[in-house]
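Structure first, commentary second.
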2 protein chains.
Amino acid sequence: MVTIKDVARHAGVSVTTVSRVLNNSQHPISPETRERVLAAIKELGFYPNAMARSLQLNETKTIGLILPDIANPYYPGIVRGVEDVAHEKGYTVILCNTDRSRERTKEYLRVLREKRVDGVIFTGGGAVEDASREHFFEQGSVATVVIGRHKADLPAVQVDNVRAAREAVEHLLRLGHRRIATVTGPAVSTTARDRLEGYRRAMEAEGVDIEPGWIIEGDFEFNSGYQAVAQMPLSGNQRITAIFAHNDLMAIGAIKALYERGIKVPEEVAVVGFDNIPLASFVTPALSTVAVPVYDLGVTAMRVLAELLAGRKVPPVTTLATHLEVRESSILK
Amino acid sequence: MVTIKDVARHAGVSVTTVSRVLNNSQHPISPETRERVLAAIKELGFYPNAMARSLQLNETKTIGLILPDIANPYYPGIVRGVEDVAHEKGYTVILCNTDRSRERTKEYLRVLREKRVDGVIFTGGGAVEDASREHFFEQGSVATVVIGRHKADLPAVQVDNVRAAREAVEHLLRLGHRRIATVTGPAVSTTARDRLEGYRRAMEAEGVDIEPGWIIEGDFEFNSGYQAVAQMPLSGNQRITAIFAHNDLMAIGAIKALYERGIKVPEEVAVVGFDNIPLASFVTPALSTVAVPVYDLGVTAMRVLAELLAGRKVPPVTTLATHLEVRESSILK
DNA sequence: TATGTTATGGTAAACGTTTTCTTTTTGTTC
DNA sequence: GAACAAAAAGAAAACGTTTACCATAACATA
């Protein structure tokens, strides 16, 4: 590998001078010298060693992005948002899939720490956060931003799940539905709790009593939505006429189950999901859903992190707006 | 930040000794000394500085993963595969989205080079490869593995697109279809060319003449599949009875268009896609498709790269098997 | 002439590790 | 008790940068 020394020798100057032209330093350099250095750099194919540089400057221009699983369709949008802004600001992103495993999370935190990343963006909540707090923040801090709900005392970027869920259910109520079931996320998920709360508030505001069979716990996976349908009253005059699922995957599972039972969506049962994963617009009928601005969540998180790294104050919480994307599954053409 | 010196002082030994226990060196260390060092490390919360280490050792245990767009549902599976193996082998992954832009690709290659990544995995072909060859490999090499077809002289991990496409079409022929249309990828894509070739060979082997209107060029996006349907003969006895799309997104677009025209899938028109993105099993009817083992592509690519980095010989091409995932869109229950 | 000042450039320490080479300590053998 | 070997530990150079500080030359100023 060619080093700054080689360049210096080749250009007939000191390494100091090479370093100066490399970094556009304040220090005056004569045009001829600069030219010679630039020529030497080109000629030798010199690429400064970022590690030596980082060692000296104590910054790596690298951040860690920790999430449960990139293969979950909710996350790629976030990642892309983070990455775009990171790239624009000269940062590089290390991707860490934790599968929500505490072990693996800690493992990654150790590596990120050893690699001296300048900052970290977390998403995926829960156990991950605990591990992080313990491990990362308590022993010397690394700038960190969290996407989503969290208990830690860290800057967060999130959406208002209670409100968004409420709006989704209000939409169904406005269409005349009263008997509305909901497929929730796992009870431990704060996100799921918020979405359930939104459902409750909308129903309550409308004076509709929620019947016991209407709330079915899922796990955010396709299958749990599919299976939830089996537990719902679908015939007789006790039957439900709409389903609000806590995410799109479960909503699509529910649609599939309804389809297989010969129940028409949206004619007999309307369905609304949550997240607006890419898939949502492609299924038939196209899924009405709460659009979570995943890309913007990523973009904003990285922006906040960059502010933090620049030593500026950042808001403790940034809340991004959702909007209801009404498609075919909840409304007749 | 606490350094190895602090640990040494705290444990009353030299940095050499600390380094030795840190790296489980051959050099004998008395149990008591080791204990003292370990205790000091723990007590001070010491995390070795990977950059200083890398500078010395000339390896970063980091690799770059270059792809067009993580938000494209084809890629997360690959990324996950790469990441899993990388993690297992002690590597960290830097994610680079290029949007197939030559500019951005070169930009990233520069950064990866400066950060002295140990290796690179490329996927997404085309322009990217050119940029890479030029920039990366010609001036001092970095271990590299390519996923998919490529022209460069680099170890590759791929599937046999010709064969896989042929099998997909043979499946349709076996079901009795003769008038089979195909929605291709962009003409410049080698992948698309291979898949078209497979279609041709299957038809030819069966003695079916391909009519001009049957081959419609798409661009691998949902919309082009949707729009392709408009150009197909769908009524009269010249009508096609099956569609082979070069990827799932286009296949799903086609299904949507057929649905809107009141044409039943698979009863009136069968559809087969390619890739087996997660979405494929969730749409209605569930999409029959050629299952590309994306996760395994990632896993294998990283394994090959690791071999390369260990200085071992690797096969120039590793071909992974595809299989046809027959679901509802091409066969009646 | 002595003294600054400015423009340009260089020397060498520092960043935090690993590792080669030495040194010290301990133990064994005759 | 001398001689040596083995075990344990340390000193210092090296990795490739950045930068504080210093040096020189040219020129202006009093």
Side-chain angles (χ1 to χ4, degrees), chain A residues 1-38 40-41 44-62 90 110-118 140, chain B residues 1-38 40-41 44-62 90 110-118 140:
Chain A
M1 270 277 108
V2 16
T3 76
I4 198 173
K5 266 188 202 153
D6 301 321
V7 174
R9 198 174 315 124
H10 196 267
V13 299
S14 72
V15 293
T16 306
T17 302
V18 177
S19 176
R20 279 174 182 145
V21 346
L22 229 39
N23 299 294
N24 292 315
S25 112
Q26 302 298 336
H27 200 92
I29 302 274
S30 77
E32 309 87 65
T33 307
R34 177 178 309 265
E35 269 321 303
R36 248 181 320 142
V37 170
L38 256 19
I41 288 174
L44 299 180
F46 168 67
Y47 286 80
N49 184 320
M51 261 156 340
R53 186 159 207 277
S54 295
L55 187 58
Q56 179 60 237
L57 298 184
N58 210 25
E59 69 165 11
T60 53
K61 286 287 177 185
T62 301
R110 191 183 54 70
V111 175
L112 293 180
R113 192 178 253 283
E114 290 190 353
K115 297 213 166 161
R116 298 294 193 264
V117 295
D118 295 337
Chain B
M1 270 275 110
V2 16
T3 76
I4 199 173
K5 267 188 202 154
D6 300 321
V7 175
R9 197 173 317 127
H10 196 266
V13 299
S14 70
V15 293
T16 307
T17 302
V18 177
S19 175
R20 279 172 182 145
V21 345
L22 230 37
N23 300 293
N24 292 314
S25 112
Q26 303 298 337
H27 197 98
I29 301 273
S30 77
E32 308 87 65
T33 307
R34 177 179 309 265
E35 268 321 304
R36 248 182 319 140
V37 171
L38 256 19
I41 288 174
L44 299 180
F46 168 68
Y47 287 81
N49 183 321
M51 262 155 341
R53 185 158 207 278
S54 295
L55 187 58
Q56 178 62 234
L57 264 29
N58 210 25
E59 69 164 13
T60 53
K61 286 289 178 183
T62 301
R110 190 183 54 71
V111 175
L112 292 180
R113 192 179 255 282
E114 290 191 352
K115 297 212 165 160
R116 299 293 193 266
V117 295
D118 295 338

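What you see is a predicted model; the values in this text were computed from it and never measured. Every chain is numbered from 1, with letters handed out A, B, ... down the list of sequences.
Residues B:S14 and B:T17 have side chains that bring a donor and an acceptor to within less than 3.5 angstrom of each other.
Checked against D:dG10, D:dA8, C:dG9, the side chain of A:S30 finds its nearest nucleotide in C:dG9. Of the candidates C:dG10, C:dT18, D:dT17, the closest approach to any side-chain atom of B:I4 belongs to C:dT18. Listed nucleotides C:dG9, C:dA7, C:dT18 differ in distance to A:P28; the shortest reach to its side chain belongs to C:dA7.
For C:dA7, its base never sits under 3.5 Å from the side chain of A:H27 at any donor and acceptor pair. Side-chain to base pairing of A:R116 with C:dG16: no donor and acceptor N or O lie closer than 3.5 Å to each other. For B:T16 against C:dT19, a side-chain-to-base donor-acceptor contact under 3.5 Å is present.
Atom CE in A:M1 sits roughly 18 Å away from atom C1' in D:dA14 (whole-Å rounding). When rounded to the nearest whole Å, the span between CG of B:L55 and P of C:dT17 equals 12 Å. One atom, CZ of B:R20, and another, P of D:dA12, lie 15 Å apart when rounded to the nearest Å.
Nucleic acid contact class of B:T33 (heavy atoms, under 4.0 Å, all strands): sugar-phosphate only. Heavy atoms of A:T3 sit under 4.0 angstrom from primed sugar atoms or phosphate atoms, though from no base atom. No contact: B:N58 has no heavy atom under 4.0 Å from any strand.
Residue A:T17 places no side-chain N or O under 4.0 Å from the OP1 or OP2 atom of C:dT8.
Around the CG atom of B:N58, the shell of radius 6.0 Å holds no more than 12 heavy atoms that belong to other residues, nucleotides or ligands.
Electrostatic pairing of B:E32 and B:R36 does not count as a salt bridge here, judged by no charged N lying under 4.0 Å from a carboxylate O.
For the side-chain hydrogen bond (donor to acceptor under 3.5 Å, both in side chains) with A:K115, the lone residue among B:T60, B:T62, B:N49 that qualifies is B:T62.
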